[in-house]
Enquirer: 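Quick one: this structure, given as structure tokens, is what I'll be asking you about.
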2 protein chains.
Amino acid sequence: MDMPIRTADEVDLDRLNSALGFLMRLAQLKIYERFFEEVGEHNLKPGEFSVLWVILHNPGIRQSVLGQRLMIKRAHMTKLIRALEDQNLVSRRIPDGDRRAVEITLTPEAVTRVEQASQWFFTYEASVGANLTADERRQLTALLQKFVGLD
Amino acid sequence: MDMPIRTADEVDLDRLNSALGFLMRLAQLKIYERFFEEVGEHNLKPGEFSVLWVILHNPGIRQSVLGQRLMIKRAHMTKLIRALEDQNLVSRRIPDGDRRAVEITLTPEAVTRVEQASQWFFTYEASVGANLTADERRQLTALLQKFVGLD
DNA sequence: CAAAATTTGTTTACAAAGAAACAATCTCCA
DNA sequence: TGGAGATTGTTTCTTTGTAAACAAATTTTG
């Protein structure tokens with residue numbers, strides 16, 4: 001007597017299917033996966049893009065603040081910024097007021113790159129909730145904003 | 001003339017603050033972070049728990065199907081399962097029908113562990129949307145389920 | 001049926017991200 | 001003032017996850 005589960009949608013998740021952490025992880029992976037199918041290797045990865053985007057809109061932002069806002073740990077931020085510096089996309093400046101800190105700015109080159117990239121980034125973003133109605137999408141966005149405290 | 005951004009909530013995210021991928025990432029990190037504050041090092045990590053939970057409810061499930069459902073890549077799944085096997089939590093069986101496949105079952109020991117762990121896991125899960133109203137929480141759950149195709 | 005293509009899992013090499021320890025600087029207050 | 005404690009960033013080590021090449025078994029198809 002053998003009746004094995006053959007496909008993913010036959011799997012019984014029991015209560016797990018309403019666990020927010022679980023759903024959120026699936027949702028994020030799904031977005032990320034589709035991103036590479038659709039956008040491909042479009043030179044800027046989503047993570048890099050958002051870092052550069054935030055620097056563009058907050059020139060001279062400090063590494064620590066950037067990390068807090070994007071929830072990137074300091075150790076990791078150091079590496080990201082160095083990688084961007086190596087590609088000549090950002091420049092670092094030690095402010096006079098506080099010589100521990102580092103203020104980040106985009107190079108002119110990066111400004112162009114980010115502005116271009118923002119076109120396909122937000123185009124993709126707009127397509128993300130395609131299996132939801134426009135209204136559901138708005139609701140979801142609003143709820144997530146409240147959830148993470150961005151409202 | 002210097003007016004630097006000092007705190008994370010002064011940061012201008014522009015359109016990024018309604019990008020679903022971005023919000024989803026923040027949300028997931030926030031959940032994960034709080035998880036370790038509240039639950040601490042409660043021997044089973046969220047990832048391990050969900051794998052074991054799904055095996056509990058689908059005994060003899062195949063590695064590939066498990067991976068598809070939890071969106072874990074095959075290469076990674078191999079390592080996870082081996083780690084669980086080393087802890088004597090799961091056993092692997094090659095079915096007669098298809099000798100490429102591996103069917104996974106919990107050891108009796110693991111059944112107890114998972115049932116215990118499920119108590120604190122779902123207790124924590126229930127506390128996750130605490131800054132939302134009960135109704136908002138329900139909506140969010142439903143929208144996410146639809147989003148990931150679990151409805 | 002036999003060769004080609006696909007599926008399943010493993011291995012190896014690598015990338016992304018976090019933890020802990022550290023150094024430099026700054027803040028606060030006794 | 002000056003020393004204790006906090007902040008900021010870096011380094012090193014480890015964990016977590018992915019990518020690509022592979023082997024074995026199965027399915028497809030000519």
Side-chain angles (χ1 to χ4, degrees), chain A residues 4-8 25-26 28-30 32-37 40-41 44-51 60-87 90-104, chain B residues 4-8 25-26 28-37 40-41 43-51 60-87 90-104:
Chain A
I5 290 150
R6 308 203 151 283
T7 66
R25 176 174 166 279
L26 287 194
Q28 209 210 318
L29 288 175
K30 196 183 157 194
Y32 202 80
E33 198 174 65
R34 274 214 343 155
F35 180 88
F36 286 109
E37 287 168 14
E41 290 303 334
L44 281 186
K45 280 166 274 181
E48 292 172 330
F49 172 77
S50 50
V51 168
I61 192 175
R62 296 186 179 184
Q63 239 176 258
S64 52
V65 178
L66 185 56
Q68 283 163 37
R69 178 71 295 173
L70 299 181
M71 294 232 225
I72 295 171
K73 294 284 184 320
R74 286 185 324 237
H76 188 35
M77 186 58 79
T78 296
K79 295 171 203 170
L80 290 181
I81 295 296
R82 186 162 49 207
L84 293 172
E85 210 182 8
D86 291 347
Q87 296 177 258
V90 305
S91 65
R92 303 159 25 114
R93 192 182 91 92
I94 310 292
D96 290 350
D98 185 343
R99 305 217 313 291
R100 295 167 304 180
V102 179
E103 293 181 351
I104 322 269
Chain B
I5 290 152
R6 309 205 151 280
T7 66
R25 176 173 167 279
L26 287 195
Q28 209 210 317
L29 288 176
K30 196 183 156 194
I31 293 176
Y32 203 79
E33 198 173 66
R34 276 213 343 154
F35 181 87
F36 287 110
E37 287 169 14
E41 289 304 334
N43 69 32
L44 282 186
K45 280 165 272 182
E48 292 172 331
F49 173 76
S50 50
V51 168
I61 192 175
R62 295 189 179 180
Q63 239 176 259
S64 53
V65 177
L66 185 55
Q68 282 164 37
R69 179 71 293 173
L70 299 181
M71 292 232 226
I72 295 170
K73 295 283 185 324
R74 276 169 317 160
H76 188 35
M77 186 57 81
T78 296
K79 295 174 202 169
L80 289 180
I81 295 296
R82 186 163 50 208
L84 293 172
E85 210 181 7
D86 290 347
Q87 296 177 257
V90 304
S91 65
R92 303 158 26 111
R93 191 182 92 92
I94 311 293
D96 289 351
D98 186 342
R99 306 219 311 291
R100 294 167 305 183
V102 179
E103 292 181 352
I104 322 269

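All values reported here derive from a predicted model rather than from experimental measurement. Sequence lines set the chain letters: A, B, ... in the order given, protein chains first and strands last, and positions in each chain run from 1.
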Enquirer: Check the distance between C/dA15's P and A/His76's NE2 and give it to me in whole angstrom.
Expert: 13 Å

Enquirer: Could you check whether any side-chain heavy atom of A/Arg62 comes within less than 4.5 Å of a side-chain heavy atom of A/Asp98, counting everything from C-beta outward?
Expert: yes

Enquirer: Measure the distance from CD1 on A/Ile61 to P on D/dG9 and round it to the nearest whole Å.
Expert: 11 Å

Enquirer: The side chain of A/Arg62 is closest to which nucleotide in this list: D/dA19, C/dA19, D/dG9?
Expert: D/dG9

Enquirer: At 4.0 Å (heavy atoms only), tell me whether B/Ala101 reaches a base, stays on the sugar-phosphate, or touches nothing.
Expert: sugar-phosphate

Enquirer: Quick one: is C/dC26 close enough that its OP1 or OP2 comes under 4.0 Å of any side-chain N or O from A/Arg99?
Expert: yes

Enquirer: Side-chain N or O of A/Arg25 versus OP1/OP2 of D/dG17: is the shortest distance under 4.0 Å?
Expert: no

Enquirer: Return the value, rounded to whole Å, for the distance between atom CZ of A/Arg74 and atom P of C/dA16.
Expert: 21 Å

Enquirer: Would you mind telling me which residue lines up with the more 5' stretch of DNA chain D, A/Leu29 or B/Asp96, judged by nearest nucleotide?
Expert: A/Leu29

Enquirer: Counting just side-chain N and O atoms, does A/Arg92 come under 4.0 Å of either OP1 or OP2 of D/dT8?
Expert: no

Enquirer: Check A/Leu70, A/Val90, A/Ile104 against A/Val51 for a side chain to side chain contact (heavy atoms under 4.5 Å, CB included) and give me the one that passes.
Expert: A/Leu70

Enquirer: I want to check one thing: is the phosphate of C/dA24, taken as OP1 and OP2, less than 4.0 Å away from some side-chain N or O of A/Arg100?
Expert: no

Enquirer: Contact class for A/Gly67 vs. all strands (heavy atom < 4.0 Å): base, sugar-phosphate, or nothing?
Expert: nothing

Enquirer: How close do A/Ala101 and A/Pro95 get, heavy atom to heavy atom, and via which atoms?
Expert: O-CD, 3.4 Å

Enquirer: So, do B/Asp86 and B/Arg82 sit near enough that their side-chain heavy atoms are less than 4.5 Å apart?
Expert: yes

Enquirer: Between atom CD in A/Glu48 and atom C1' in C/dA15, what is the gap in whole Å?
Expert: 12 Å

Enquirer: Using only side-chain N and O atoms of B/Ser64, determine if any of them is under 4.0 Å from OP1 or OP2 of C/dG9.
Expert: yes

Enquirer: For A/Lys79 and C/dA15, is the shortest distance between a side-chain N/O and OP1 or OP2 below 4.0 Å?
Expert: no

Enquirer: Hey, is the side chain of B/Arg82 poking within less than 4.0 Å of OP1 or OP2 on C/dT11, counting only N and O atoms?
Expert: yes

